[in-house]
Amino acid sequence: MKFTNEINRRRTFAIISHPDAGKTTLTEKLLLFGGAIQVAGAVKSNKIKKHATSDFMEIERQRGISVATSVMTFEYNGTLINLLDTPGHKDFAEDTYRTLTAVDSVILVIDSVNGVEDQTRRLMEVCRMRDTPVIVFINKMDRDGKNRFDLLEEVEKELSLHLHPMTWPINSGKDFKGVYDLDKKSLVLFTANTKASDEDVVEIKDLSNNILDEKVGEADANTLRDDVELVDGVYGDLDVEQYLKGKIAPVFFGSAVNNFGVKEMLDTFIRIAPLPQSRETSIRHLDVQEDKFSGFVFKIHANLDPKHRDRIAFLRVCSGRFERNKYYHHVRLDKDVRFSNPYSFMARQKDVIEEAFPGDVVGLFDTGNFKIGDTITEGEDFYFTGIPSFSPELFKEVVNKDPMKTKQLEKGLLQLTDEGVAQLFTQFGGNKKIIGCVGELQFEVIQYRLLQEYGASAEFRSMPYYKACWITSEDQKKLDEFTRFKTNNIAADKDGHLVYLAQSEWFLNTERQNNPDIEFHFTSEIH
Ligand code: GDP
């Protein structure tokens, strides 16, 4: 238990949202609170505005220079906060899903005008798979949003999440007057573009006090009294245990762009958000308090500058102390590795660090030794489990346009898929190489990078598949039989696991019905 103090002061989380809900804006406000940046506008959105490869490339090139945007570390009231960035574009959702395996909790931003949107749903599904604790921030209260009760009901229903309001809004849009902090029993009055100060907070222990009428007017005061009575009656005090189990999500109302409601959320976050958690491995439960170092790679960032072809592997520390220049065990390669320039991302700058602790993310220079899911230890052989691959939904056959560059193409495909850009399958009948992605944009990126970085020229030919499912069975004979009959629909993923490629939902359902001994999985754990 050597590192208890270091562990206890860390919180590692991600902000998730549908694009445009306000993730970048909220990130920036949090960094301002943490003193990590001084001015608004310093955080660049990682959003792809046009559906264009060039746009993506531009963003990636900038990020290559300042990889710091992938992890932001800042301190607030003695707590060391690691905020992991997630890609904004849905075509890169897999990257986000994997980042979620490296955090201990999330903040979900919802636009009060649009309510629950597509990406919100998908991201929450992933959080639910891991019972990740969630805090909800309902943003843009300065706009005419949905009725507050309807909104909460929509979120609860659509995301199958039990909510627990921590603050309660007084109106919305141009009549937005602020929020009532249900926990601290104080009124926080809205002023646009507020600084991080407590000036506009009025303590009102008893809502029947006339001061409330003075501050917000009689009509709104009465509405608030009724609302609070109702809300208090339904919800009571927050059950922090239930939050930590991912069963109940505290909710805050605010306006990120006006820096309103953010501080209330951040204060609660550092009070209740989970410490770096213990994890499961392929052989045993790993306690976060163990003395020996371990960690895993959840993201690989390629530098797209052709002059600097290095990559940075992002490693989440899971136990012990990571030290610069010390030899560690790379489990998959069964090899000793050491890192002379590990990076941390304090104050948005890359700094070489000497040590890191559970909850921290370290950036490691990589010349091709890492792939997603790799585990580094002090000698023990195990893998962290629960790092998922999701079934892709778009499939294209790789067509080599330059037979002289076959080797380069193969190398490029292997490395890019190691980075987790896409998944690579080899079809049984015919040995075709198939790339599976979640978004069209990924194919363009792969094609561009194959050419730029490997000098290989490839085209993609669409394949009529709708989903890839990993198949397993207790009965090896049944599995063999199935793969023999369905050769054209069977492929192996990069690790040799069997995959069934379904042409349509109907085919998939039919096969599932006809083959009750075979299990069809929509996610595969890398280990
Ligand atoms: P992201 O795509 O989730 O990162 O969203 P951004 O943070 O880039 O915000 C999208 C747009 O919403 C930007 O134009 C922001 O200025 C705006 N925005 C963010 N927060 C608020 C808010 O509280 N009120 C209003 N009216 N606009 C906001």
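Starting from 1, each residue takes its place in the sequence as its number.
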Trainee: With heavy-atom distances below 4.5 Å as the criterion, would you say the side chains of W168 and V231 are in contact?
Mentor: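 They are in contact (side-chain heavy atoms under 4.5 Å apart), so the answer is yes.
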Trainee: Heavy-atom distance under 4.5 Å between the side chains of C437 and P392, does that happen here?
Mentor: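 No. Closest side-chain heavy atoms not under 4.5 Å.
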Trainee: Show your working on salt bridge (Lys or Arg N to Asp or Glu O under 4.0 Å) between D239 and K247 and close with a plain yes or no.
Mentor: CA-CA 10 Å; D239 184 339; K247 304 288 180 229; over 6 Å; no
Trainee: Hey, do the aromatic rings of F260 and F176 have their centres closer than 6.0 Å?
Mentor: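 Centroid separation for F260 and F176: below 6.0 Å.
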Trainee: Between R122 and E393, is the salt bridge (Lys or Arg N to Asp or Glu O under 4.0 Å) condition met? List the steps.
Mentor: CA-CA 14 Å; R122 283 171 155 236; E393 286 164 14; 3.6 Å; yes
Trainee: Taking V106 as the fixed residue, which of L100, V136, V126 is the one that meets the side-chain contact (heavy atoms from CB on, under 4.5 Å) rule?
Mentor: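 Checked L100, V136, V126 against V106; only one passes side-chain contact (heavy atoms from CB on, under 4.5 Å): L100.
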Trainee: Inspect the contact between E453 and R311 and indicate whether a charged nitrogen and a carboxylate oxygen are less than 4.0 angstrom apart.
Mentor: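 No salt bridge links R311 with E453.
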Trainee: Any salt bridge linking K245 with E241? Criterion: basic side-chain nitrogen under 4.0 Å from a carboxylate oxygen.
Mentor: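 No, K245 and E241 are not salt-bridged.
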Trainee: Consider only side-chain N and O atoms of T417 and Q423, and report whether a donor and an acceptor are under 3.5 Å apart.
Mentor: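 Looking only at side-chain atoms, Q423 and T417 do not form any donor-acceptor pair under 3.5 Å.
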Trainee: Is the shortest distance from a Lys or Arg side-chain nitrogen in R321 or D291 to a carboxylate oxygen in the other one below 4.0 Å?
Mentor: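 Judged by the 4.0 Å cut-off on N to carboxylate O distance, R321 and D291 do not form a salt bridge.
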Trainee: Verify, without hydrogens or angle tests, whether T281 (side chain) and L286 (backbone) share a donor-acceptor contact under 3.5 angstrom.
Mentor: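 Between the backbone of L286 and the side chain of T281 there is no qualifying donor-acceptor contact (under 3.5 Å).
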Trainee: Considering only heavy atoms from C-beta outward, does the side chain of F314 approach that of V361 to under 4.5 Å?
Mentor: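 They are in side-chain contact.
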Trainee: Judged by atom type as modelled, is there a donor-acceptor pair below 3.5 Å linking the side chain of D183 to the main-chain atoms of M166?
Mentor: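 Not confirmed, D183 side chain does not pair with M166 backbone.
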Trainee: D360 versus L80: any side-chain heavy-atom pair under 4.5 Å?
Mentor: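 Touching, per the 4.5 Å side-chain cut-off.
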Trainee: Do I110 and T120 come close enough that some side-chain heavy atom pair is under 4.5 Å?
Mentor: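 Result yes, sub-4.5 Å side-chain heavy-atom pair found.
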Trainee: Donor-acceptor check, side chain of T375 to backbone of F384, threshold 3.5 angstrom: yes or no?
Mentor: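 Checking the backbone N and O of F384 against the side chain of T375, a donor-acceptor pair under 3.5 Å is found.
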Trainee: For the residue pair S17 and V109, what are the closest heavy atoms and their distance?
Mentor: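 S17 and V109 have their closest heavy atoms at CB-O, 3.4 Å.
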Trainee: Work out which heavy atom in N341 is nearest to a heavy atom in F365; give both atom names and the distance.
Mentor: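 Nearest pair, atom of N341 first, then F365: O-CD1, 4.1 Å.
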Trainee: For the ring pair F293 and F322, is the centre-to-centre distance below 6.0 Å?
Mentor: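 Ring-ring flag for F293/F322: true, centres closer than 6.0 Å.
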Trainee: Do the side chains of R11 and N82 get nearer than 4.5 Å, heavy atoms only?
Mentor: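 No - every pair of side-chain heavy atoms lies 4.5 Å or more apart.
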Trainee: Side chains of E156 and H162: is there a donor and an acceptor less than 3.5 Å apart?
Mentor: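 Their side chains do not contain a donor-acceptor pair, so the 3.5 Å distance test is not met.
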Trainee: Going by the angle between their ring planes, with limits at 30° and 60°, are H164 and Y235 parallel, tilted or perpendicular?
Mentor: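 Ring orientation of H164 relative to Y235: perpendicular.
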Trainee: Could K185 and E203 be called an ion pair, given the rule that one side-chain N must be under 4.0 Å from one carboxylate O?
Mentor: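 Here K185 does not pair with E203 in a salt bridge, since their nearest N and O are not under 4.0 Å apart.
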Trainee: Does V288 reach the side chain of Q277, with side-chain heavy atoms less than 4.5 Å apart?
Mentor: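 The answer is no, as the side chains (C-beta and beyond) never meet within the 4.5 Å cut-off.
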Trainee: Quick test of your reading: applying salt bridge (Lys or Arg N to Asp or Glu O under 4.0 Å), list the pairs with at least one residue in residues 101-113, sequence neighbours left out, ordered by first then second residue.
Mentor: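 Qualifying pairs: D104-R316, D111-K140.
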Trainee: Return yes when atom CG of D206 has more than 12 non-hydrogen atoms of other residues, nucleotides or ligands closer than 6.0 Å, and no otherwise.
Mentor: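 Counting other residues, nucleotides and ligands, CG of D206 exceeds 12 neighbours.
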Trainee: Under a 4.0 Å threshold between the charged nitrogen and the carboxylate oxygen, would K371 count as salt-bridged to D374?
Mentor: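 A salt bridge is absent here (no side-chain N lies under 4.0 Å from a carboxylate O).
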Trainee: Donor-acceptor pairs under 3.5 Å, side chain of residues 264-272 to any protein atom, not counting sequence neighbours: which ones?
Mentor:
unit_1 : atom_1 : unit_2 : atom_2 : d
D267   : OD1    : Y76    : OH     : 2.7
D267   : OD2    : K263   : NZ     : 3.0
T268   : OG1    : E264   : O      : 3.0

Trainee: Within the 4.5 Å heavy-atom criterion, are Y343 and V352 side-chain neighbours or not?
Mentor: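 Yes, side chains in contact.
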Trainee: Do side-chain atoms of T12 reach the backbone of G359 as a donor and acceptor pair under 3.5 angstrom?
Mentor: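 Yes, the answer is positive, given that a donor and an acceptor are paired below the 3.5 Å cut-off.
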Trainee: Do T167 side-chain atoms and F253 backbone N/O form a donor-acceptor pair below 3.5 Å?
Mentor: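 Checked: pair present.
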Trainee: If I compare all heavy atoms of G386 with all of T101, which pair ends up nearest, and what's the gap?
Mentor: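 What the structure gives for the nearest pair is O-CG2, 3.6 Å.
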Trainee: Kindly check if the number of other-residue, nucleotide or ligand heavy atoms within 6.0 Å of CD (E158) is above 12?
Mentor: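 Counting neighbours around CD of E158, more than 12 heavy atoms of other residues, nucleotides or ligands fall under 6.0 Å, so yes.
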Trainee: Donor-acceptor check, side chain of H18 to backbone of Q119, threshold 3.5 angstrom: yes or no?
Mentor: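 Yes, H18 side chain to Q119 backbone: donor-acceptor pair under 3.5 Å.
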Trainee: Return yes if some donor-acceptor pair links the side-chain N/O of T79 with the main-chain N/O of E75 below 3.5 Å, else return no.
Mentor: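 No, T79 side chain to E75 backbone: no donor-acceptor pair under 3.5 Å.
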Trainee: Does a salt bridge link K157 with E154, judged by any charged N lying under 4.0 Å from a carboxylate O?
Mentor: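 Answer for the salt bridge query: no.
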Trainee: Are there more than 12 heavy atoms of other residues, nucleotides or ligands under 6.0 Å from atom CD of Q242?
Mentor: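 Correct, the count exceeds 12.
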Trainee: Closest approach of G320 and P358, non-hydrogen atoms and distance?
Mentor: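 Residues G320 and P358, closest heavy atoms: O-CD, 3.2 Å.
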Trainee: Is the shortest side-chain N to carboxylate O distance from E290 to K2 below 4.0 Å?
Mentor: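 Salt bridge: no.
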Trainee: Anything under 3.5 Å between a donor and an acceptor, one on a side chain of residues 211-218, the other on a protein residue two or more places apart or in another chain? List them.
Mentor:
unit_1 : atom_1 : unit_2 : atom_2 : d
D213   : OD1    : R225   : NH2    : 2.6
D213   : OD2    : R225   : NH1    : 3.4

Trainee: Ignoring hydrogens and angles, state whether a donor on the side chain of S294 or S319 is under 3.5 Å from an acceptor on the partner side chain.
Mentor: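 S294 vs S319: donor-acceptor pair found between side chains.
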Trainee: Taking 4.0 angstrom as the limit, do R324 and E355 come out as a salt bridge?
Mentor: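 Between E355 and R324 there is no salt bridge, as every charged N stays at least 4.0 Å from the carboxylate O atoms.
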